[in-house]
Amino acid sequence: MSQYWSDFVSGLDPYSPGEQPDLTDIIKLNTNENPYGPSPKALQAVEALLNQDLRLYPPPGADSLKHTIAAYYQLTPANVFVGNSSDEVLAHVFNGLLRHSKPLLFPDITYSFYPVFCQLYDISYQRLPLTDDLCLDLADYVRPNGGIIFPNPNAPTGRLLSLQAIENLLAVNHTSVVVIDEAYIDFGGESAVSLINEYHNLLVVQTMSKSRSLAGMRIGYALGSAELIEGLDRVKNSFNSYPLGHLQIAAGVAAFEDKAYFQQTCNQVIQSRRSLTVALEEIGFEVLPSKGNFVFVRHQHYEAAIVAKKLRDKGIFVRHFDQERIREFLRITIGTEDQNQQLLDTLKNLINQHLTK
Ligand SMILES: *Cc1c(COP(=O)(O)O)cnc(C)c1O
């Protein structure tokens with residue numbers, strides 16, 4: 001607290017991201033980064049720009065990146081909004097498209113940044129509970145609302161909704177914006193981007209942090225009707241005209257163009273998710289079916305918070321959310337085959353030591 005803060009700032013309850021430890025010799029499975037590095041072509045594209053031209057402002061609309069993303073999804077650049085991370089894109093979405101008099105709807109168990117944005121932008125909201133087995137039931141969202149947002153697959157459960165379920169909601173919800181946060185869609189889900197031309201109130205938000213291995217570059221984007229994108233541009237141009245720098249734009253374009261690397265690394269993560277799931281089940285974990293680059297697991301005998309702490313002592317970081325309904329669970333990012341094996345070996349040792357609940 002400080003006398004210099006406004007009452008508003010004193011009252012904020014900010015998002016707390018997973019730890020980014022400084023240690024080198026650790027296995028980091030706590031923030032869903034991609035264990036494989038960015039496309040070598042993205043790195044080359046960045047290196048090629050390390051010169052005097054960095055004195056110049058970047059193109060304010062990041063047009064080359066918008067064109068590349070539009071072409072990839074068979075849309076037009078008018079359907080694309082880009083920003084400095086999808087968190088920033090989401091901030092503009094909450095501010096510009098979801099701030100209405102009726103409450104915004106989202107799940108009780110979901111990305112914990114959503115209520116933070118609501119507080120920041122003074123948006124009233126209603127959290128709709130997931131079912132007992134932590135599934136999102138979209139039939140529940142058919143009620144008066146000022147907007148709807150959820151991740152697909154959901155975070156931190158990893159559970160995926162079908163495109164049909166999403167279309168069923170869109171078919172009856174015309175008067176507010178429906179935002180699908182597809183941070184993890186490339187790990188085995190079907191994107192709702194194909195519905196954009198039909199539903200002008202649908203906005204799909206994606207990030208280059210997970211499937212494209214560029215979390216350190218901070219690149220996010222939204223796809224939707226020209227009407228929604230124009231609304232976001234109005235907010236962005238009232239906030240920061242140049243959200244993406246030269247290096248981000250070049251890295252983003254190159255990563256999108258290197259489809260072979262993208263597919264190969266996503267497939268590897270999907271394959272490792274399958275084998276890690278089986279191996280975790282063998283040692284007594286329940287593993288929710290995940291279509292993300294992580295698994296959400298619990299053990300019948302061992303307390304999640306204690307397991308997380310013991311793993312941390314051994315240099316393995318996973319995520320535990322001290323939150324009602326999911327206190328028993330750990331979220332574990334899919335690592336390389338080698339990292340996953342070390343995780344399993346460490347868990348087996350802990351279990352053999354009869355780590356009690
Ligand atoms: C990781 C994540 C984001 C944020 O991605 P950035 O582009 O790195 O800010 C947004 N939504 C969900 C559900 C995420 O898991």
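When reading the values below, keep in mind they use all heavy atoms of this one structure, side chains included, and skip hydrogens, waters and symmetry mates. Counting starts at 1 for both ligands and their atoms, following the listed order.
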Trainee: What do you reckon, are the aromatic ring centroids of Phe262 and Phe256 less than 6.0 Å apart?
Mentor: no

Trainee: Which part of Lys210 is near ligand 1, with near meaning a heavy atom under 4.0 Å away: side chain, backbone, both or neither?
Mentor: side chain

Trainee: Tell me the contacting part of Ser86 for ligand 1: side chain, backbone, both, or neither, using a 4.0 Å heavy-atom threshold, strictly below.
Mentor: both

Trainee: Using a 4.0 Å heavy-atom threshold (strictly under), name the region of Arg218 that reaches ligand 1: side chain, backbone, both or neither.
Mentor: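 It is the side chain that gets close, since no backbone atom is under 4.0 Å.
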
Trainee: Quick one: does Ser86's side chain have a donor or acceptor within less than 3.5 Å of a partner on Thr207's backbone?
Mentor: no

Trainee: Do you reckon Leu120 sits in the same ILVMFWY cluster as Val205, going by side-chain contacts under 4.5 Å, direct or chained?
Mentor: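 Yes; tracing contacts between hydrophobic side chains, which count when under 4.5 Å, links both residues.
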
Trainee: I need the atoms of ligand 1 closer than 4.0 Å to a non-hydrogen atom of Thr207, numbered in the order shown.
Mentor: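 What qualifies from ligand 1 is 5 (O), 6 (P), 7 (O), 8 (O).
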
Trainee: In the structure I gave you, are the side-chain heavy atoms of Arg99 and Phe94 within less than 4.5 Å of one another anywhere?
Mentor: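 The answer is no, as the side chains (C-beta and beyond) never meet within the 4.5 Å cut-off.
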
Trainee: Given Phe113, Tyr184, Tyr114, Phe150, identify the one with the heavy atom nearest to atom 15 (O) of ligand 1.
Mentor: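 When every heavy atom of Phe113, Tyr184, Tyr114, Phe150 is considered, Tyr184 comes closest to atom 15 (O) of ligand 1.
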
Trainee: Would you mind listing which atoms of ligand 1 come within a distance below 4.0 Å of any non-hydrogen atom of Ser85?
Mentor: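 Those qualifying, in numeric order: 7 (O), 9 (O).
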
Trainee: Looking at side-chain heavy atoms only, is the closest gap between Asp140 and Leu128 below 4.5 Å?
Mentor: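 A side-chain contact exists here, since the closest heavy-atom pair is under 4.5 Å.
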
Trainee: Once the angle between the rings of Tyr121 and Phe117 is folded into 0 to 90°, is it parallel (under 30°), tilted (30 to 60°) or perpendicular (over 60°)?
Mentor: parallel

Trainee: So for Asp181, does at least one of its heavy atoms come nearer than 4.0 angstrom to any atom of ligand 1?
Mentor: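 Yes, Asp181 has heavy atoms under 4.0 Å from ligand 1.
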
Trainee: For Asp87, counting its heavy atoms only, list the atoms of ligand 1 lying under 4.0 Å from any of them.
Mentor: 3 (C), 4 (C), 9 (O), 10 (C)

